[in-house]
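Keep in mind it's a predicted model, so treat the numbers as computed, not measured.
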Amino acid sequence: MIPLLSVVVPVHNVEPYLTECLKSLAAQTMEDFEVIMVDDGSADGSRRLADDFVARDPRFTLVEQQNLGPGPARNEGVRRARGTYLAFADSDDVVPPHAYEVLIAKLGETGSDLACGAVRRMVDGVLEESILHERVFRRPVLCTHITDKKVLVRDRTVWNKVYRADFWRRHGLRFPAGIYEDVPVAMQAHVLATSVDMVDDVVYHWRRRDEGETSITQRRSQLPNLHERLAAIRAVRAFLDDGAPELLPEFDALVLEKDIVFLFQALESAREAGEDLVPLLGLADAWLDELSPRALAGAPSLRRLELHLVRRGMIDELRAVRDFRRSRADGTRVRPRGFRTVNWYGDYPYFRRRRRLGIPDDVYDARDELKLIARVDDCSWTGAAYRLRGEVAIHRVERKVGKVNVWLSDGRRRVPLEVRRTGRHGVVADIDPRALEGGGPTWRLLVKAETRGLVLKGSFRDGDAHGAWRFSLQGWSRSGMDIPQ
């Protein structure tokens with residue numbers, strides 16, 4: 001019988017974790033699958049554990065090869081796969097019981113080429129958010145594509161997905177040798193797919209190893225790994241430049257947000273250990289030369305400072321800035337500077353010594369990073385009006401906003417409200433229902449904040465929720481308006 005799904009599992013020296021991984025596959029709620037384990041020259045007891053599963057579950061098979069790396073091991077598994085659908089699992093991770101059933105069901109419903117889902121990180125037995133996949137799978141989206149849903153640029157792994165096997169083979173997808181082999185393939189599949197399904201279910205538990213042989217991702221700040229990562233970045237950029245150049249800005253921004261951190265860590269640890277920095281600094285220049293000047297200039301100000309210090313070889317200063325970042329879990333402050341012309345700069349190390357150190361002012365410029373925070377905390381009837389209480393502030397700016405204008409809009413009319421200030425950020429405003437006659441039925445509360453030459457506009461949010469606060473008119477009542485909030 002041809003199985004519905006083939007799961008390819010490369011195996012190499014994972015004895016402490018392999019049994020848990022294989023048990024999670026055997027416990028899948030959909031049963032029509034095969035598991036193809038490819039022993040990539042293991043030197044521990046992994047082969048014996050794999051043989052045990054083959055002996056007791058006919059859905060499991062084991063293939064042996066010399067140690068060629070996870071890419072060739074996966075390719076060998078794909079060559080032997082018989083299923084209509086194809087999935088990958090790393091042998092130290094865990095797949096939740098419902099994962100493949102959910103993903104295959106979506107593909108059957110939509111006809112998409114691949115389906116992907118949310119990931120949790122396994123850290124010391126506790127599940128945490130996967131920082132790599134943050135903000136990607138907040139809500140389900142069916143029949144989309146990476147060029148429409150550009151957040152999928154962050155979805156660079158192959159194991160939180162199910163692919164149609166004929167799609168995979170039709171495009172000749174193959175994993176390269178090397179240790180970051182899945183990144184180029186994951187991006188190629190996203191671009192080549194006709195459509196993609198995103199689910200918000202957690203479909204994969206990605207382990208951070210705490211014993212046994214250290215995983216590739218935990219050796220990522222070592223020099224050979226950094227060279228391999230750069231090779232993967234170049235491969236992805238070359239593919240995108242040819243097939244989807246509109247995704248390059250998002251990919252470069254992701255490299256500057258995530259990947260570059262491992263380069264910083266390597267530079268910091270080399271300095272601490274007294275190691276030769278020349279090879280690392282040469283590699284750092286190669287990394288930065290690979291990325292577009294626009295991406296480098298568009299990075300957040302604190303990242304631009306780190307990049308500037310790396311370019312200049314100022315590693316002691318880089319370490320101080322990295323320590324500063326790590327100590328500011330609540331965020332870094334932005335302050336105004338100047339009198340006639342006011343600019344807004346990140347309050348970071350060396351700002352007051354920047355000219356002596358040859359650091360340009362624009363490295364610290366954080367004006368474009370400032371965001372307006374406006375929220376309604378309470379709305380109640382006073383007997384004559386509806387009284388709103390809320391807050392207006394600027395994220396990362398401690399000072400009180402200088403001037404606040406608030407108004408209601410139904411899309412056609414604008415009704416200004418008189419604002420009273422309370423405390424540093426509090427605002428109070430009254431809504432007279434008579435002023436809204438003939439409009440609506442739904443009004444948004446909008447705001448303009450001005451302070452020291454900075455002007456920001458936006459809409460009020462409903463408390464701490466993400467949605468906009470809306471004022472809905474249902475009709476008259478004895479107390480004025482019947483307005484449920």
Side-chain angles (χ1 to χ4, degrees), residues 3 5-28 31 33-83 86-97 99-100 119-127 130 157-162 174-183 185 203-220 222 224-225 228:
L5 171 69
S6 295
V7 184
V8 175
V9 183
V11 177
H12 179 71
N13 293 349
V14 286
E15 185 177 2
Y17 312 105
L18 182 58
T19 296
E20 186 178 4
C21 172
L22 300 182
K23 282 184 176 179
S24 76
L25 296 175
Q28 291 296 300
E31 298 181 352
F33 63 86
E34 64 176 355
V35 176
I36 305 169
M37 299 174 287
V38 182
D39 180 22
D40 187 39
S42 294
D44 64 355
S46 298
R47 163 67 189 273
R48 174 181 52 80
L49 296 176
D51 278 334
D52 289 344
F53 269 84
V54 172
R56 66 176 182 257
D57 192 328
R59 298 174 299 179
F60 287 73
T61 60
L62 178 62
V63 179
E64 292 184 81
Q65 67 173 32
Q66 62 179 339
N67 182 219
L68 299 175
R74 287 194 180 111
N75 291 336
E76 179 62 22
V78 171
R79 190 180 71 82
R80 295 170 179 265
R82 300 175 298 144
L86 182 64
F88 301 94
D90 281 353
S91 49
D92 52 351
D93 297 333
V94 170
V95 182
Y100 295 140
V119 177
R120 290 291 179 268
R121 199 77 157 106
M122 294 175 61
V123 182
D124 297 328
V126 177
L127 292 178
S130 169
T157 52
V158 297
W159 29 245
N160 61 323
K161 301 173 178 63
V162 166
R174 287 184 60 82
F175 293 97
I179 57 178
Y180 294 107
E181 78 297 334
D182 56 340
V183 176
V185 177
V203 299
Y204 202 80
H205 296 165
W206 178 25
R207 187 190 302 274
R208 188 180 75 186
R209 294 188 190 177
D210 51 11
E211 61 176 294
E213 186 173 290
T214 307
S215 71
I216 290 168
T217 51
Q218 288 168 258
R219 303 193 304 269
R220 53 197 173 191
Q222 296 176 1
N225 273 25
E228 294 270 12

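- Between Asp40 and Gln65, the closest side-chain pair of non-hydrogen atoms falls below 4.5 Å.
- You'll find the side chain of Val94 stays beyond 4.5 Å of the side chain of Tyr17, heavy atoms only.
- In terms of heavy-atom proximity, Val38 sits nearest to Ala73 at CG2-O, 3.5 Å.
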Pair Phe53-Leu25, side chain to side chain contact (heavy atoms under 4.5 Å, CB included): steps then yes or no
CA-CA 11 Å; Phe53 269 84; Leu25 296 175; over 6 Å; no
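- At a threshold of 4.5 Å between non-hydrogen side-chain atoms, the residues His205 and Asp93 do not count as touching.
- Taking CZ from Arg48 and CG from Leu18, the interatomic distance works out to 10.0 Å, rounded to the nearest 0.5 Å.
- Across all their heavy atoms, Arg82 and Ser6 have their closest contact at N-OG, 3.2 Å.
- Applying the side chain to side chain contact (heavy atoms under 4.5 Å, CB included) rule to Ala177 yields no partners; only residues at least two apart in sequence or on another chain are considered.
- A distance of 11.0 Å separates CG in Asp182 from CD1 in Ile179, rounded to the nearest 0.5 Å.
- The aromatic rings of Tyr204 and Trp159 sit parallel, their planes meeting at an angle under 30°, below the 60° perpendicular limit.
- Put simply, the side chain of Arg120 never gets that close to the backbone of Trp206: no donor and acceptor are under 3.5 Å apart.
- Considering CZ of Arg80 and CD1 of Ile36, their distance stands at 8.0 Å, rounded to 0.5 Å.
- With a 4.5 Å cut-off on side-chain heavy atoms, Leu22 and Leu49 do not count as touching.
- Across all non-hydrogen atoms, the minimal contact from Ala87 to Lys161 is CB-O, 3.7 Å.
- Under the side chain to side chain contact (heavy atoms under 4.5 Å, CB included) criterion, Ser42 pairs with Val11, His12, Asn13, Asp39, Asp44, Ser46, sequence neighbours left out.
- Classification of Asp52 and Arg56 as a salt-bridged pair fails, no side-chain N sitting under 4.0 Å from a carboxylate O.
- Of the charged side-chain nitrogens involved, none lies within less than 4.0 Å of a carboxylate oxygen, so that Arg59 and Glu31 do not count as a salt-bridged pair.
- Looking at Glu20 and Lys23, no side-chain N of the basic residue comes within less than 4.0 Å of a carboxylate O on the acidic one, giving no salt bridge.
- Ring geometry for Phe88 versus Phe175: interplanar angle over 60°, hence perpendicular rather than tilted (30 to 60°).
- With salt bridges taken as basic N to acidic carboxylate O contacts below 4.0 Å, one links Asp90 and Arg74.
- Between Val203 and Asn160, the shortest heavy-atom distance links the atoms CG2-O, 3.7 Å.
- Residues Gln66 and Leu68 are in side-chain contact: their nearest non-hydrogen atoms beyond the backbone lie under 4.5 Å apart.
- For Val95 against Ala89, the heavy-atom pair with the smallest separation is CG2-CB, 4.2 Å.
- The main-chain N or O of Pro10 is found under 3.5 Å from a side-chain atom of Ser91 such that the two form a donor-acceptor pair.
- Within the model, atoms CE of Met122 and CG of Asp92 stand 9.0 Å from one another, a figure rounded to the nearest 0.5 Å.
- For the pair Glu34 and Gly83, the tightest heavy-atom approach, listed with the atom from each and the gap, is OE2-N, 3.9 Å.
- Looking at Asn75 and Arg79, their side chains never come closer than 4.5 Å, going by heavy atoms from C-beta outward.
- The CD atom of Gln222 lies 12.0 Å from the CD atom of Glu228; values are rounded to the nearest 0.5 Å.
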